[in-house]
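For reference, the structure discussed in these notes is given below.
Just so it is clear, the structure is predicted and the values come from calculations on it, not from any experiment.
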Amino acid sequence: HSGPGDLGLWWCRVDSNLFYNWIEARFVRDPTLTRLSNCRGAMLAEEMGLGKTVEAVALMLLSPDPDAASRAGWYDDRNEIDVVPTKTTLIVAPETLRTQWIEEIEQHAPGLSVYSYAGRTKAENDVPEGLTWEQWAQRFDVMIISYSTLSRELSTAKSERTRSRR
């Protein structure tokens, strides 16, 4: 392991044989494990009016992942949830910018399919009969959700904690 270029995405060397992943918040000692993580993602935070939306749309067009659904999923022990690889890009934004995202994608990338997630109840009603949520969601290139909806529904994906009877 000769340097940072040999590390996987989001990893940094903390010590001679200790590596930290910024996204997954975990440490490993084996440098080969840093290249096995397939966690991808990014955050683009700049001042208003500098073209973040157009940059993000260009990146989606530049780096599609149409074969994601064919890769095996896994169980995330820490979060107690099944993880299913998807080609879909998740955009989390203020509710006031949801329409702007949809319009920008329609204008600059009309070939991308977009779903505006407005809550679990609406989403469940949108899923065609005979399909699961996962099967249906895989059809979209982009899914947009507001901060408030995400924070309100994030606990839905996690199993209920076991509580002591005392």
- Take Asp126 and Trp136 through the side-chain contact (heavy atoms from CB on, under 4.5 Å) test and state the conclusion after the steps. CA-CA 9 Å; Asp126 289 345; Trp136 187 67; 3.6 Å; yes

- Task: Answer whether the closest heavy-atom distance between the side chains of Leu59 and Glu55 falls below 4.5 Å.
- Result: no

- Nearest heavy-atom neighbours spanning Lys52 and Gly49: NZ-N, 4.4 Å

- Query: Nearest heavy-atom pair of Arg29 and Phe19: which atoms, and what distance?
  - Reply: O-CE1, 3.6 Å

- Message: Less than 4.5 Å apart, side chain to side chain, heavy atoms only: is that true for Val84 and Arg71?
- Response: no

- Would you please test Glu134 and Thr86 for side-chain contact (heavy atoms from CB on, under 4.5 Å) and show each step? CA-CA 9 Å; Glu134 291 83 5; Thr86 179; over 6 Å; no

- Query: Is the backbone N or O of Ser146 less than 3.5 Å from a side-chain atom of Thr149, with the two atoms forming a donor-acceptor pair by type?
  - Reply: no

- Query: From Arg120 CZ over to Asn125 CG, what is the distance, rounded to the nearest 0.5 angstrom?
  - Reply: 11.0 Å

- Message: Go through it in stages, so that I can follow the logic: the residues are Leu18 and Arg13, the test is side-chain contact (heavy atoms from CB on, under 4.5 Å), and I'd like the CA-CA distance, side-chain angles, deciding distance and then a yes or no.
- Response: CA-CA 6 Å; Leu18 185 63; Arg13 182 186 304 270; over 6 Å; no

- What about Ile102 and Tyr115, same hydrophobic cluster or not, with Ile/Leu/Val/Met/Phe/Trp/Tyr joined at side-chain heavy-atom distances under 4.5 Å? no

- Query: About how many Å separate CD1 of Ile105 and CG of Asp141, when rounded to the nearest 0.5 Å?
  - Reply: 9.0 Å

- Query: Do Thr32 and Asp30 have side-chain heavy atoms sitting under 4.5 Å apart?
  - Reply: yes

- Determine whether Val114 and Met143 fall in the same hydrophobic cluster, where Ile, Leu, Val, Met, Phe, Trp and Tyr are linked whenever their side-chain heavy atoms lie under 4.5 Å apart. no

- Which residues share a ring-ring contact (aromatic ring centres under 6.0 Å, His included) with Tyr147, sequence neighbours left out: none

- Item | Residue pair Val28 / Trp11, side-chain heavy-atom distance below 4.5 Å | yes

- Query: Nearest 0.5 Å, what's the OG-NZ distance between Ser70 and Lys87?
  - Reply: 12.0 Å

- Minimum heavy-atom distance Pro85-Ala72, with the two atoms named: CG-O, 3.5 Å

- From Met60 CE over to Leu112 CG, what is the distance, rounded to the nearest 0.5 angstrom? 6.5 Å

- Message: Whether the side chain of Thr88 engages the backbone of Val142 through a donor-acceptor N/O pair (distance < 3.5 Å, no angle test) should be reported.
- Response: no

- Query: Would you find a donor on one side and an acceptor on the other, under 3.5 Å apart, between the side chain of Gln135 and the backbone of Thr132?
  - Reply: yes

- Task: Spell out, yes or no, whether Phe140 and Trp101 are grouped together once hydrophobic residues are joined by side-chain heavy atoms under 4.5 Å, including indirect joins.
- Result: no

- How would you list, by chain and number, every residue that makes a ring-ring contact (aromatic ring centres under 6.0 Å, His included) with Tyr117, sequence neighbours excluded? Trp133

- Query: Is a side-chain N or O of Glu103 found less than 3.5 angstrom from the main chain of Arg98, in a donor-acceptor match?
  - Reply: no

- Query: So which heavy atom on Ala118 is nearest to which on Lys122, and how close?
  - Reply: CB-CD, 3.9 Å

- Task: Measure the OG1-CD1 distance between Thr89 and Ile91 for me, rounded to the nearest 0.5 Å.
- Result: 6.5 Å

